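As a basis for the values below, the full set of heavy atoms in this structure was taken, side chains included, without hydrogen atoms, waters or symmetry mates. So you know, we letter chains A, B, ... as the sequences are listed, proteins then strands, and number each from 1. No experiment lies behind these values; they were computed from the predicted model shown.
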There are 2 protein chains.
Amino acid sequence: MATRGRPRAFDRDHALRTAMLAFWARGYESVSTTELAGSMGISQSSLYAAFGDKQSLFREAVAYYGEHEGAIARRALTTSDTARQAVETMLRQSADRFTDRSLPSGCMVVLAATNATAGNAAVQEFASELRRRDEAALSARLARAVTEGELPGHADPGALAAYYHSVLYGLSIHARDGRDRPGLHAIVDLAMKVWPT
Amino acid sequence: MATRGRPRAFDRDHALRTAMLAFWARGYESVSTTELAGSMGISQSSLYAAFGDKQSLFREAVAYYGEHEGAIARRALTTSDTARQAVETMLRQSADRFTDRSLPSGCMVVLAATNATAGNAAVQEFASELRRRDEAALSARLARAVTEGELPGHADPGALAAYYHSVLYGLSIHARDGRDRPGLHAIVDLAMKVWPT
DNA sequence: TAATTTATGGACAGGTCACTACAGAAAGGA
DNA sequence: TCCTTTCTGTAGTGACCTGTCCATAAATTA
């Protein structure tokens, strides 16, 4: 089943990465499809033919972000030996990522869709849902740590997950405000003192 | 020197409050001046005559927010007997404010100007500067606590201020995501465990 | 070669954006 | 009473927005 019709003249994955970088740096509504097509080197028609509409493109761009940029921090949750190590690794690697000068600062899921007009409320809700999902994954990992005895029985996995995600969100804002890498790690140093014993 | 010319037919302060609520709820770029004038019950011309341009209106709206909504949490810094009490009061009152159902959730300074087009970068920088200023005030209060002996000499006021502000920023995102008041206070419970002894 | 399928760029619709020109209205001052 | 000052709404301005139409180009299939 070879592909019929005229073949696409641009690299779809590369275009997606361009969209991710733009949305990540400036947010969903501050990036126009006209501008995106321009920096992709293609026409509006090609963009719409390849990705549907702007919202679909954004969702794909966020998915791309999750696979390429967010994957490392997320994998810490499943590969670390202890829950404590998982949390600290997640925060440390986020601190490193958020201050990578070759990429936009902070986390795309936190910063790219914080506000929107009424017509784009779905985009906001989409990002919010992703944040909830990540937090639920952390909460589950902490709950496992309680049953395994790594965390004391009185520890509240839900509250701890919300707390560490709160710090994580804060790192994004701080990174956007220009705080440097050691500054973010100093915050993580303090945040880890909360770990129950 | 009585006021010359035709008197203004609307309440400037009330209009400013309307603008604050709109910008706070949906962000700078997602609120149009057309819509604002409409909900203020005045024409575009009246709005521009009273407030200048959109950026000036936003700055005034943020100042209004600072005086009416942010003042209580900020006053905790100067009126509390101890620095610890100051920090905890600031976080608790923010948690209460951020989940007040009669107002937009979260903090306007964190949420209303997180992203912007190139032409509105000044608005972003404005909000960023306000965050830095508040953090500097907290840092100064913590430094005082070190010299007064409330905090141990090895405590780092700058890092602590950055940490507590990180939690504060996180509370805004959590509030926007729908977390309820007890949920935010549970985060504050944990955050306060970092306090050096 | 002919038919089909898909991608392409250019031009353009229809809407909204921030902002303003203008003429008239409502006040104070002379 | 008339002038000056300021605010008022109407009706625009040009620029930009998302999304589409259309003729054409480039590939596979028959």
### Task
Ignoring backbone atoms, establish whether B:S43 has a side-chain N or O less than 4.0 Å from OP1 or OP2 of D:dT8.
no
### Query
Ignoring hydrogens and angles, does a donor from either the side chain of A:S45 or the base of C:dG10 sit under 3.5 Å from an acceptor on the other?
yes
### Query
Hey, does the side-chain of B:R4 have a donor or acceptor N/O within less than 3.5 Å of a partner on the base of C:dA27?
no
### Task
May I have the distance from B:R6 (atom CZ) to C:dC22 (atom P), rounded to whole angstrom?
19 Å
### Verdict with reasoning, B:Q124 to B:N115, per side chain to side chain donor-acceptor pair (under 3.5 Å)
CA-CA 7 Å; B:Q124 234 173 327; B:N115 26 56; over 6 Å; no
### For atom CG of A:D53 and atom P of D:dT18, their distance in whole Å
11 Å
### Query
Taking CZ from B:F10 and P from C:dA25, how many angstroms apart are they, rounded to a whole number?
20 Å
### Query
Want to settle it: does B:G5 or B:G41 sit nearer the 5' end of DNA chain D, counting the closest nucleotide to each?
B:G5
### Task
Respond yes when some side-chain nitrogen or oxygen of B:T33 is under 4.0 Å from OP1 or OP2 of C:dA18, and no when none is.
yes
### Task
Check whether the side chain of B:T34 and the base of C:dT16 form a donor-acceptor pair under 3.5 Å.
no
### Task
For A:L36 and D:dT18, give me the distance from atom CG to atom C1', rounded to whole Å.
12 Å
### Message
Which residue is it: B:Y65, B:F98, B:F58? I am looking for the one with a ring-ring contact (aromatic ring centres under 6.0 Å, His included) to B:W24.
### Response
B:Y65
